[in-house]
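All remarks here apply to the structure that follows.
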Amino acid sequence: MFAAERMKKVTVIGPKNVMDRAVMKLHKLKAVHITDHQKDEFDIGSPFERADKLSELLVTVRAVLSALGISGHRELLNGFRAIGVKNFAGLHRAVKKLNDEVNVVTDSSKNAEDELKKLSAKESQISYAGRLGLSLDSFSDYKSLAYFVGVIKDTSRLRESVLALTDKFEIFSAEDKSGFLVALFVDASKKAEVADALAGSGFSELPIAEVKGLTGSVASASEAVAKRKEKLQAQLGSNKNSIAKLGGKWHDFLLLSEQLLVAELEKAQAPLRFAVSRNAFVVRGWVPSKEVKALESGLGKATGERIFVEAELPHHDEKVPVKLDNPKPAKPFEFFMNLYALPKYDEIDPTLFMFVTFPLFFGFILGDVGYGLVSFFLLLWLREKMPWSAKLVNVVIPAVLSSIVFGFLYGEVFGFEQAFGMEFPRIISRAHGVNEMLIVAVVIGLIHVNLGFVLGFLNELRHKGLFKAFAAKLSWIILQLGVVLWVFWNAKAGIAVSAAAVALIYIGESIRGMVELPGLLSNVVSYTRLAAVGVSSVMLAGVINDLSKDIAQSGTLGIAASVIILFIGHTINLALGLLGGFLQSLRLHYVEFFTKFFEGGAAPFKPFGAKD
């Protein structure tokens with residue numbers, strides 16, 4: 001309950017001619033966290049021959065999924081039978097046929113899009129002729145004439161530059177958003193010199209390749225381009241519908257195919273994680289202790305009892321992958337450990353403690369019946385509409401239920417402490433008992449921090465022995481007792497006890513312990529945030545309620561305005577309360593509590609064949 005699931009280190013040895021069957025069984029059992037073999041006296045295995053074909057087919061399936069815009073997950077049941085796929089050969093044929101069909105549509109769309117880009121350029125270039133009052137055949141190839149089309153800010157400067165070179169030219173111009181659109185026709189013998197002059201005159205040349213060779217009027221050419229664009233747009237729309245139909249028809253098949261191929265490729269590439277010799281293979285890894293017998297039995301049956309499985313307990317300080325093992329109600333709170341770090345195999349798992357204290361802290365902060373109920377139903381809706389948020393929602397739901405309980409203790413409903421002239425029953429009023437709230441928060445902090453020291457003692461006891469563990473962790477509790485003696489009973493006795501505790505801390509934690517001494521007080525004082533954040537929330541709720549009440553007295557419009565103020569104000573306050581309650585509670589665990597006993601850093605248990 002307070003430790004990760006017990007593991008055993010296993011070594012699986014067998015002849016190479018049963019390796020495929022062994023891999024299939026290992027994948028089905030989903031029990032072995034394989035330790036990848038590093039080449040030494042044994043080579044690393046090679047993937048099975050089918051791996052290349054499976055990999056190629058998986059790439060094709062994913063390409064089709066991308067082209068059809070399909071994503072998601074489907075359970076691998078009997079989805080292939082519905083379309084007549086009975087084996088991998090059939091799957092390959094179906095995927096290839098579908099890929100060819102998708103490629104026809106996507107190629108058609110790509111060609112249409114490419115042509116549309118060219119037509120847009122052509123349309124722009126045709127418009128140049130219309131704006132300049134020129135015919136399309138003006139942009140033909142001439143022997144005696146050269147021409148330039150572009151944009152320039154000052155046409156007079158352009159004329160002067162060309163006139164300095166030749167008087168055989170003509171300029172057509174039209175106003176443009178960035179100056180003037182111009183077409184310059186000049187003696188072909190001066191083309192190179194004029195080009196150099198234009199470059200120095202701020203002339204920006206425009207492409208006109210798409211209109212070269214065109215004849216007829218600008219209007220007829222523009223109409224032809226527009227009709228072609230309309231036809232291509234219709235083609236793109238038709239292709240989009242075709243893609244949508246293909247996606248709808250093959251949605252489940254493709255997702256199932258990807259899932260199946262990923263699993264089969266994992267099996268086919270499994271030997272890359274094994275040690276192999278000429279005739280045998282070796283698999284090393286970790287298995288939950290309770291599943292060792294099932295592993296031995298399953299592999300024996302699958303390979304005709306030709307597999308040998310050796311299981312042993314992990315050595316001291318060996319890096320063991322961790323699989324958390326908590327009661328069902330506490331399972332959602334493993335989310336916090338995955339977010340922070342997994343406990344080492346021989347460390348205490350804090351999940352069960354967080355299951356109790358996180359909702360307690362959260363409820364202490366957001367203690368309001370109204371806010372708690374609204375949050376509860378909002379979270380249920382969120383979990384249904386956004387399944388991906390379930391892990392986070394499942395840890396916040398117990399916390400908001402705790403806030404409802406604390407709301408009854410505080411006698412608060414949306415910040416109101418009374419209704420219809422009657423006071424709500426309560427144990428303590430946060431609005432009028434700030435000092436009492438701060439004292440309770442500090443007491444909670446003392447209990448929580450010292451629980452961390454006790455857990456730290458239990459962790460250290462396994463590695464350093466009784467005295468070192470006592471000096472490193474329990475001495476901190478003795479230090480606090482010394483301070484209490486010093487302040488409330490006998491100063492000399494308190495100083496003596498505190499000095500002895502400091503000496504023990506130095507023995508147990510060396511300089512690090514000395515550096516952390518001043519932090520002990522700040523750790524405990526940090527828990528006052530439980531009261532401070534909560535009191536600020538109820539004060540803000542009170543301001544919202546009072547403001548709304550005052551405005552409501554001004555008539556019908558005032559009543560409407562007060563309702564809006566109540567809704568917006570309490571929505572904002574609830575959002576701040578949820579965020580503050582979550583972050584502050586989490587901080588007190590990660591910073592003040594975990595640092596007293598938790599090291600973490602274990603790798604998660606990932607059995608071969610299991611889904612991520």
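Every value quoted in this text rests on a predicted model; they were computed, and no experiment measured them.
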Do Phe361 and Ile444 have side-chain heavy atoms sitting under 4.5 Å apart?
-> yes

Sub-4.5 Å side-chain heavy-atom contact between Lys110 and Asp114 = yes

Phe362 backbone acceptor or donor facing Ser585 side chain under 3.5 Å = yes

May I have all residue pairs that pass salt bridge (Lys or Arg N to Asp or Glu O under 4.0 Å) and include part of residues 371-399, sequence neighbours excluded?
-> none

Which heavy-atom pair separates Ser429 from Glu417 by the least distance, and what is that distance?
-> OG-OE2, 3.1 Å

Donor-acceptor contact present, side-chain Thr595 to main-chain Val591, <3.5 Å = yes

Backbone of Ala63 reached by a side-chain donor or acceptor of Ser66 within 3.5 Å | no

Partner set under salt bridge (Lys or Arg N to Asp or Glu O under 4.0 Å) for Glu423, not counting sequence neighbours | Arg426

When rounded to the nearest 0.5 angstrom, what distance separates CD1 in Ile564 from CD1 in Ile551?
-> 10.0 Å

Just do the ring pair (Phe, Tyr, Trp, His ring centres under 6.0 Å) check on Tyr527 and His448 with the steps written out, would you?
-> CA-CA 9 Å; Tyr527 285 80; His448 202 227; 5.6 Å; yes

4.5 Å side-chain heavy-atom contact, Leu455 and Pro350 | no

May I ask you to check whether over 12 heavy atoms, not counting those of Glu175, lie within 6.0 Å of atom CD?
-> no

d(Gln480 CD, Ser475 OG) to nearest 0.5 Å is 10.0 Å

Can you tell me if Ser548 uses its side chain to pair, donor with acceptor, with the backbone of Ser562 under 3.5 Å?
-> yes

Start with the C-alpha gap between Val454 and Trp476, add the side-chain angles, then the distance that decides, and say whether side-chain contact (heavy atoms from CB on, under 4.5 Å) holds.
-> CA-CA 10 Å; Val454 172; Trp476 290 92; over 6 Å; no

N/O donor to acceptor pairs below 3.5 angstrom from side-chain atoms of residues 596-604, sequence neighbours left out:
residue	atom	partner	partner atom	Å
Lys596	NZ	Asn523	OD1	2.9
Lys596	NZ	Glu592	O	2.9
Glu599	OE2	Lys344	NZ	2.8

Which atoms form the tightest heavy-atom contact between Ala469 and Leu461, and what is the distance?
-> CB-N, 3.6 Å

Side chains of Leu116 and Leu236: does their closest heavy-atom pair fall under 4.5 Å?
-> yes

Six-ring centre of Phe593, Arg587 cation under 6.0 angstrom, axis tolerance 45° = no

Given Ile478 and Phe470, is the side-chain contact (heavy atoms from CB on, under 4.5 Å) satisfied, shown in steps?
-> CA-CA 10 Å; Ile478 294 173; Phe470 182 90; 3.3 Å; yes

Under the side-chain hydrogen bond (donor to acceptor under 3.5 Å, both in side chains) test, which residues partner Arg62, sequence neighbours left out?
-> Glu258

Residue list, ring-ring contact (aromatic ring centres under 6.0 Å, His included) with Phe408, at least two apart or on another chain | none

Report yes if the distance between the aromatic ring centroids of Phe594 and Tyr340 is under 6.0 Å, otherwise no.
-> yes

Counting N and O atoms only, with roles assigned by atom type, does the side chain of Asn459 sit under 3.5 Å from a partner on the main chain of Ile348, one being a donor and the other an acceptor?
-> yes

Separation of Ile397 CD1 from Phe377 CZ (nearest 0.5 Å) | 11.0 Å

Name all pairs fulfilling the salt bridge (Lys or Arg N to Asp or Glu O under 4.0 Å) condition that reach into residues 442-465, sequence neighbours left out, sorted by first residue then second.
-> Glu460-Lys464

Interatomic distance, CG@Asp349 vs CG@Leu342, rounded to 0.5 Å, equals 8.5 Å

Any idea which heavy atoms bring Phe605 and Pro288 closest together, and the distance?
-> CZ-CD, 3.6 Å

Validation: residues 369-376 side-chain donor-acceptor distances under 3.5 Å, sequence neighbours left out:
residue	atom	partner	partner atom	Å
Tyr371	OH	His570	ND1	2.6
Tyr371	OH	Asn573	ND2	2.9
Ser375	OG	Tyr371	O	2.7

Under 3.5 Å: donor-acceptor pair, side chain of Asn490, backbone of Trp486 = no

Salt bridge (Lys or Arg N to Asp or Glu O under 4.0 Å) pairs touching residues 355-382, sequence neighbours excluded, are none

Measure up the Trp250 and Phe253 rings against each other and bin them: parallel (under 30°), tilted (30 to 60°), perpendicular (over 60°).
-> perpendicular

Side-chain donor or acceptor of Arg430 paired with backbone N/O of Ser537 under 3.5 Å | no

Interatomic distance, Ser402 atom OG to Ile365 atom CD1 [nearest 0.5 angstrom] = 10.0 Å

Can any side-chain N or O of His33 pair as donor or acceptor with the backbone N or O of Pro607 at less than 3.5 Å?
-> no

Is Lys245 atom NZ crowded by more than 12 heavy atoms from other residues, nucleotides or ligands, each under 6.0 Å away?
-> no

Please report the closest heavy-atom contact between Asp325 and Ala4, naming both atoms and the distance.
-> CB-C, 4.4 Å

Do Ser120 and Lys229 come within less than 4.5 Å of each other through their side chains, counting heavy atoms only?
-> yes

Within the side chain of Ser127, is there an N or O that forms a donor-acceptor pair under 3.5 Å with the backbone of Ser124?
-> yes

Evaluation steps, side-chain contact (heavy atoms from CB on, under 4.5 Å), between Ile544 and Ile568 | CA-CA 9 Å; Ile544 294 167; Ile568 295 176; over 6 Å; no

Side chain proximity check, Asn239 to Thr106, heavy atoms < 4.5 angstrom | no

Could you go through residues 497-509 and list every donor-acceptor pair under 3.5 Å that involves a side-chain atom there, pairing it with any protein atom two or more places apart or in another chain?
residue	atom	partner	partner atom	Å
Ser498	OG	Gly494	O	2.9
Glu509	OE2	Lys473	NZ	3.3

Roughly how far apart are Leu566 CG and Lys549 NZ, rounded to 0.5 Å?
-> 12.0 Å

Note, Leu466 side chain near Phe457 side chain (heavy atom, < 4.5 Å) | yes

Using a strict 4.0 Å threshold on nitrogen-to-oxygen distance, state whether Arg131 and Asp176 make a salt bridge.
-> yes

Anything under 3.5 Å between a donor and an acceptor, one on a side chain of residues 434-441, the other on a protein residue two or more places apart or in another chain? List them.
none

Go through the steps to decide whether Lys323 and Trp286 satisfy the test side-chain contact (heavy atoms from CB on, under 4.5 Å), and finish with yes or no.
-> CA-CA 11 Å; Lys323 181 181 181 183; Trp286 299 92; over 6 Å; no

Return each pair, listed once, that meets salt bridge (Lys or Arg N to Asp or Glu O under 4.0 Å) where at least one residue sits in residues 515-540; pairs must be two or more places apart or across chains.
-> Arg512-Glu516

Ignoring hydrogens and angles, write down the donor-acceptor pairs under 3.5 Å from the side chains of residues 352-360, residues two or more places apart or on other chains.
residue	atom	partner	partner atom	Å
Thr357	OG1	Phe353	O	2.8
Thr357	OG1	His589	NE2	2.6

Any Leu380 side-chain heavy atom under 4.5 Å of Val393 side chain | no

